[in-house]
Amino acid sequence: VDRGALGYALNRYFMKTYSLSVMGLEMDVNSTNPEDPINDVASFFAEMSPERSFSFEEGVATAAMIEELIAGFELEILEDVYDKNEVQGALKENELDPIMQSFAVNWILHADPGAVHMAETKPGALTSIIEDWPNLLEVLEGTRRNFRHFSGKFAKTAYKARQVTGGISNPLSEKYDIEDVHVMMRDFTRSFGNYSRSQCDSVRAKLTKMDTSNTGRVPLATFHKAALDGDWHFSESLTYLRHLGAVDESSAWHGPRVIIPNYIQSASNCLVAAADYRVCCQTQCESYMDVFEAAVEGPTAEPDVILALTAKIIEENSEGQFRFPSSLRQQLLKISRANHGRVPLHGRLFAQWLHYAFPSECPFPHVSGSVDKYELPPNFERALASTTEMRKNAAARVPSMKAGARPQSRSNEEESDWMTHWIHEEELISQLHLQAPWEATALPILKNIAGAICFLVVLSGIVYVFGELRRVDVLRSSIDSDKLHFI
């Protein structure tokens, strides 16, 4: 696969497995003139030629490299916590809790040092800064219990290995060295996406309830009225929502509307914002893509196949017979006519079509470089609307579409207005699509995208095994970090 296909596969893997969006993978990795790479991952891709191909083994090694970069960042946080608490040597069982809790605070609030300081110095501030802190304490306790169970399973071999290597920590005792604590914290951070799913679902449910027209959009007036009524989640300013790509201003009649799936996946709802990655909300659209890929078993599909699969998904998740709006059908046929009668499943236009088929579940795919959904503002307060701005927006007239109308039951006028945001611009995950039709056939493109799909499927299994072996290795010996390498 080429650079773009590899980045696409890795991004989907980390999001599906850990709810992680790795900064650098979400960028336009096909860009031929990348400027100022934001981190090591972005630098890695920027240094590679767009025409460079990657073998499967290199793809797996890249995934492992990214996992280790993330682990290294988390180890730095843990070492800072040790320094703050003047920890030297191994910890006893009753000394673990404050260290694990301090790590959780510093990791979750890493992007806001002021909040970290307040949480650590002002009694009672923590529960107001991290809303679900009492439940997080239970998660941390469960992480410690799991580690004790896991380390006991390998106790004898771990003890022998440490004796041979001269390690000072004995897993048979109730003491934990920094490698032990690091393993526990890695388990905590990797499972955090699953834990945060309930909070993501809560925000999604509130927005869906506000979307009385079933367009996947909430009028900005309704959005800010909810904030004024006490739901602080919905306090972002219109300017910041634009920057995130979470607002649709294409209809003069409806005015600005917040796009539900784009808002859900934006930085505003990422529970952790580290330098190299974000822990963000997943979308149901990923499971829909799994259905298409499993049924088609290839990078492109005929329009009729897509329509049948889409109708099946909708009918399985709703009552009654589904009838496609003519606009949706026509847009899909238009995409296929530009691709010799078939629709590329991993292009921007099909993602856009999915958004209109599943407006509340699938995000609107903006043209590369036009928005930055994961960028955090330099000052969090500047991202929030003032009370005056919210009152002005909340007082605006809210045009109504037929309440509760599914797309297929809208009038022609409503349907035309509904898709005003459509942008006729294609982007494929493979750099090969930039070649003119007379310079290359479609076959290399299809092979490249198909390779990315196969890579994604198998990667999940291989990196899981790699991770388990890595856990056992950490338990078995004291590892000199300068000697860590990959083959």
Side-chain angles (χ1 to χ4, degrees), residues 1-9 11-12 28-32 50-51 53-54 283 285-314 322 324-359 361-370 407 415 418-457:
V1 297
D2 71 0
R3 188 174 73 176
L6 176 62
Y8 171 84
N11 184 59
R12 282 186 65 188
D28 177 15
V29 294
N30 281 325
S31 173
T32 55
E51 289 77 25
S53 62
F54 294 82
T283 68
C285 201
E286 184 64 38
S287 64
Y288 297 162
M289 277 299 296
D290 290 342
V291 172
F292 286 109
E293 290 171 345
V296 174
E297 297 183 330
T300 66
E302 295 178 351
D304 287 345
V305 173
I306 291 174
L307 291 172
L309 288 170
T310 304
K312 182 180 178 181
I313 292 172
I314 293 176
F322 178 77
F324 274 99
S326 60
S327 55
L328 264 182
R329 184 183 295 273
Q330 290 304 316
Q331 289 291 8
L332 189 65
L333 292 175
K334 188 179 292 187
I335 297 171
S336 69
R337 283 195 293 270
N339 293 277
H340 308 287
R342 300 183 70 85
V343 177
L345 297 183
H346 303 89
R348 187 195 157 275
L349 286 179
F350 180 63
Q352 187 172 227
W353 188 87
L354 280 179
H355 167 68
Y356 283 103
F358 305 100
E361 295 88 358
C362 296
F364 180 87
H366 293 276
V367 176
S368 294
S370 61
E415 187 178 314
W418 172 53
M419 297 188 72
T420 54
H421 203 190
W422 185 278
I423 300 173
H424 296 278
E425 186 168 339
E426 180 65 294
E427 294 176 353
L428 299 178
I429 63 173
S430 172
Q431 172 72 8
L432 292 175
H433 80 280
L434 297 178
Q435 295 176 311
W438 57 84
E439 293 177 326
T441 66
L443 185 60
I445 303 175
L446 303 189
K447 286 183 176 179
N448 198 44
I449 298 176
I453 300 170
C454 295
F455 169 72
L456 173 65
V457 172

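Side-chain atoms are counted along with the backbone in the values below, which use heavy atoms only and exclude waters and symmetry mates.
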Nearest 0.5 Å, please: how far is [atom2] in [Y] from [atom1] in [X]?
X      : Y      : atom1 : atom2 : value
Asn339 : Glu426 : CG    : CD    : 6.5 Å
Leu6   : Asn11  : CG    : CG    : 11.0 Å
Leu332 : Ser327 : CG    : OG    : 11.5 Å
Arg12  : His346 : CZ    : NE2   : 5.5 Å
Lys312 : Leu307 : NZ    : CG    : 15.0 Å
Thr283 : Leu354 : OG1   : CG    : 10.0 Å

Over all atoms of both residues, closest heavy-atom pair of [X] and [Y]:
X      : Y      : value
Gly347 : Leu428 : CA-CD2, 3.6 Å
Ala357 : Leu328 : CA-CD1, 3.9 Å
Ala5   : Val1   : CB-CB, 3.8 Å
Leu345 : Ala301 : CD2-CB, 4.2 Å
Pro303 : Leu333 : CB-CD2, 3.9 Å
Ile423 : Leu349 : O-CD2, 3.6 Å

Would you say the side chain of Gln352 lies within less than 4.5 Å of the side chain of Glu425, judging by non-hydrogen atoms? no
Could you tell me how the ring of His355 sits relative to the ring of Phe364: parallel (under 30°), tilted (30 to 60°) or perpendicular (over 60°)? perpendicular
State which residues pass side chain to side chain contact (heavy atoms under 4.5 Å, CB included) with Gln331; sequence neighbours excluded, sorted by chain then number. Lys334, Trp353, Met419, Trp422, His424
How would you list, by chain and number, every residue that makes a side chain to side chain contact (heavy atoms under 4.5 Å, CB included) with Ala351, sequence neighbours excluded? Pro365
Qualifying residues under ring pair (Phe, Tyr, Trp, His ring centres under 6.0 Å), relative to Phe292, sequence neighbours excluded: Phe350
Residues two or more places apart in sequence or in another chain: which of them pass salt bridge (Lys or Arg N to Asp or Glu O under 4.0 Å) with Asp304? none
With sequence neighbours left out, the residues meeting salt bridge (Lys or Arg N to Asp or Glu O under 4.0 Å) with Glu302 are Arg342
Is there a side-chain contact (heavy atoms from CB on, under 4.5 Å) between Thr310 and Phe358 once you walk through the steps? CA-CA 9 Å; Thr310 304; Phe358 305 100; 3.6 Å; yes
With salt bridge (charged side-chain N to carboxylate O under 4.0 Å, His left out) as the rule and sequence neighbours excluded, what pairs involving residues 345-358 come up? none
